[in-house]
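Numbering of ligands and ligand atoms starts at 1, following listing order. Treat the numbers as computed from the prediction; the structure is a model and nothing was measured. Sequential numbering from 1 along the given sequence is applied to the chain's residues.
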Amino acid sequence: MADLASRITLPPAAAAGNAEAPVAGAKGVPGLVESNYDVEVKLSDLQNDTDSPLSSLHSFEELGLPKPINDGLLAMNFKKPSKIQEKALPLMIGNPPRNMIAQSQSGTGKTAAFVLTVLSRVDLTQPTQPQALVLAPSRELARQIQGVIQTIGQFCENLIVEAAIPGSISRDTGVKGSVVVGTPGTVIDLIRRRQFDVSKLQVLVIDEADNMLDQQGMGEQCNRVRTLVPKSTQILLFSATFPDKVMAYAERYAPNANQIKLKQQELTVKGISQMYMDCPDEQKKYDVLCKLYGLMTIGSSVIFVRTRESADEIKKRMEADGHKVSVLHGGNEGADRDALLDDFRSGRSKVLITTNVLARGIDVSSVSMVINYDIPMKGFGDREPDAETYLHRIGRTGRFGRVGVSISFVYDRKSYNALTQIANVYEIDLIQLSPDDWDMTEKKVQDVIKSSRAKPDYAPNVLA
Ligand SMILES: Nc1ncnc2c1ncn2[C@@H]1O[C@H](COP(=O)(O)OP(=O)(O)OP(=O)(O)O)[C@@H](O)[C@H]1O
């Protein structure tokens, strides 16, 4: 297994985020419980470094957004825009409205970029008339985005933000929000049952657009939504990844769009130290996972596995071995899923086992470690590595300048080859961890995680 091992040159991620000032997350988001644990980064340095995706030359005020929106940004403690916010916002809020296809690394503030556009377009003299629709691939992400809109929009009088996710709107009520955030299946059902009037829609945002427009997945549903909204609706497509085969379709979905794209080598986040563990066999993967438990609970951790069944199975085994873990996947009831994620956000649970359902978009700033217990593979045949999902999974850590560790487990030729291919796609050098030299493994992981200087109590929204 020489290929991966010979590429051990990634500089310690610690260098990317020298601890100093706490960074605001989506704190105080209504409906979302916030963590009392957080890590610190020197954001001011990153935002002045022009090579960083967090940098900008301008302030939010220079964008000319209405005062209530600027007040919301202040309340979030967003001092300066990130690069994607600085570049995309002027193009999106201008008139006449133009479509946008925007790509930026995970955790760099794409949500606020489209949320500010949505808020600048809605006419709140008609607060119950749906005017903006945001589509997301999971209920968890839809709820999170709803919370961000409510927080940034907290000074926008009469703003109503509704979630259109399974179980959120009963059959005898209509959608009564100026902004609606939902999952495609539920949104289509609501439109078909005439509970959701889309005739006055100004903006349609598709978050995680490459995933959403993929014809193997929710592409058909998103297409239907597109045909149901007015032709003049401004279309905004956002993601950290846009593989070529989806990009061609995206350009048809959002014609004449302004485009902000990244090169393949720019996609990884510098603050994430990407490591891998070469395990002797499948059984040892579990043993190594348990040994890592102490390191996982320095901050919070997410363990990604391939199937719901293995998620449940690993939870059972870990609990029997005395470890406290929780599990969230698509087989759980909606209300349970909400409660499980709220517990994880608040730090009540610190190790979350999940499937790809949480691979995209979820923003929990205390996550300092991501484990790929199974390497992500595409489709049913499991033949091809899923490089996009890998990037989104590891992007659950290292949010907005923070540092974090990802550890991918390999144990046979197939998993090893898959990880090698993923590393080649992004031209990344993975750091090898040895299951036989535990002292060194602990040191390598701790060096990164401890450099993020975990604080026991979170000081909400205060930037030094
Ligand atoms: N200008 C800003 N200043 C400070 N913090 C910010 C700013 N913009 C966004 N953030 C914070 O950065 C974090 C990551 O933002 P966000 O969730 O929008 O990332 P993203 O680019 O959508 O990531 P992903 O690709 O994983 O969906 C959030 O906690 C958000 O509150």
Side-chain angles (χ1 to χ4, degrees), residues 17 21-29 32 34-35 38-44 46-48 52-56 58-61 63 65 69-70 72-89 102-116 134 136-138 140-145 147-149 151-152 205-212 236-242 260 262 267-269 271-272 302 345 358-367 370 388-389 391-402 404 458 460-464:
V23 177
K27 307 299 166 196
V29 173
L32 299 181
E34 288 306 330
S35 176
D38 205 357
V39 293
E40 299 172 293
V41 293
K42 193 169 179 180
L43 184 59
S44 53
L46 291 171
Q47 291 214 282
N48 290 329
S52 163
L54 307 184
S55 75
S56 65
H58 302 99
S59 63
F60 279 115
E61 289 75 43
L63 293 166
L65 292 161
I69 301 180
N70 273 325
L73 287 168
L74 277 179
M76 293 283 279
N77 221 335
F78 289 4
K79 295 260 157 85
K80 282 178 82 180
S82 64
K83 202 170 258 176
I84 187 65
Q85 291 163 357
E86 180 187 48
K87 279 163 80 176
L89 270 163
Q103 182 180 24
S104 171
Q105 297 89 340
S106 57
T108 53
K110 293 184 288 296
T111 314
F114 64 71
V115 166
L116 292 171
V134 183
S138 66
E140 286 76 15
L141 187 51
R143 283 183 78 227
Q144 178 180 294
I145 294 168
V148 174
I149 303 174
T151 305
I152 300 184
V205 182
I206 310 228
D207 196 14
E208 309 299 342
D210 58 325
N211 180 233
M212 300 279 280
L236 311 176
L237 306 181
F238 276 79
S239 184
T241 50
F242 274 103
I260 297 174
L262 294 173
L267 294 182
T268 51
V269 172
I272 307 171
V302 186
R345 279 187 198 283
L358 291 192
R360 285 174 176 256
I362 298 305
D363 180 54
V364 179
S365 55
S366 57
V367 173
V370 169
E388 285 79 34
T389 299
L391 206 78
H392 288 277
R393 281 181 176 186
I394 68 165
R396 293 321 96 215
T397 186
R399 312 287 297 166
F400 214 83
R402 293 176 177 82
Y458 182 70
N461 296 343
V462 182
L463 271 177

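With ligand atoms numbered from 1 in the order given, ligand 1 contributes 23 (O), 24 (P), 25 (O), 26 (O) to contacts under 4.0 Å with heavy atoms of Ser106. Heavy-atom contacts of Glu208 reach the following atoms of ligand 1: 27 (O) (cutoff under 4.0 Å). Residue contact check: Lys80 has heavy atoms under 4.0 Å from atoms 1 (N), 2 (C), 3 (N) of ligand 1. Of all atoms in ligand 1, numbered sequentially from 1 with element shown, those under 4.0 Å from a heavy atom of Arg396 are 26 (O).
Between Gln144, Gln85, Lys83, Lys110, it is Lys110 that holds the heavy atom closest to atom 21 (O) of ligand 1. The residue among Val269, Thr111, Thr241 with a heavy atom at the shortest distance from atom 16 (P) of ligand 1 is Thr111. Between Ala102, Ala240, Gly107, Ser104, it is Gly107 that holds the heavy atom closest to atom 23 (O) of ligand 1.
Val370 places none of its side-chain heavy atoms less than 4.5 Å from the side chain of Ile272. The closest side-chain heavy-atom distance from Thr108 to Lys83 is not below 4.5 Å. The shortest distance between side-chain heavy atoms of Lys79 and Ser59 does not fall below 4.5 Å.
On a distance-only criterion, Gly109 and ligand 1 share at least one N/O pair closer than 3.5 Å.
At a heavy-atom distance under 4.0 Å, no atom of Phe114 approaches ligand 1. Contacts between His392 and ligand 1 below 4.0 angstrom, taking non-hydrogen atoms only, are absent altogether. In Thr108, the parts holding a heavy atom less than 4.0 Å from any atom of ligand 1 are both the side chain and the backbone.
Closest heavy-atom contact between Asp363 and Gln144: N-OE1, 2.8 Å. Across every non-hydrogen atom of Asp207 and Met212, the tightest pair is O-CG, 3.2 Å. Listed here is the closest heavy atom pair of Gln103 and Thr241: NE2-CA, 3.7 Å. Smallest separation of non-hydrogen atoms from His392 and Ala240: CE1-CB, 3.8 Å. Taking every heavy atom of both residues into account, Ala113 and Leu89 meet most closely at O-CD2, 3.5 Å.
Checked by atom type and distance alone, the side chain of Ser239 never pairs as donor or acceptor with a backbone atom of Phe242 at under 3.5 Å. In this structure a side-chain-to-backbone donor-acceptor pair under 3.5 Å is present from Glu86 to His58.
Residue Phe60 places a heavy atom under 4.0 Å from ligand 1. Contact analysis leaves Ser365 out of contact with ligand 1, as no non-hydrogen atom separation drops below 4.0 angstrom. The shell of residues lying under 4.0 angstrom from ligand 1, judged by heavy atoms, excludes Arg360. At least one heavy atom of Gln105 sits less than 4.0 Å from an atom of ligand 1.
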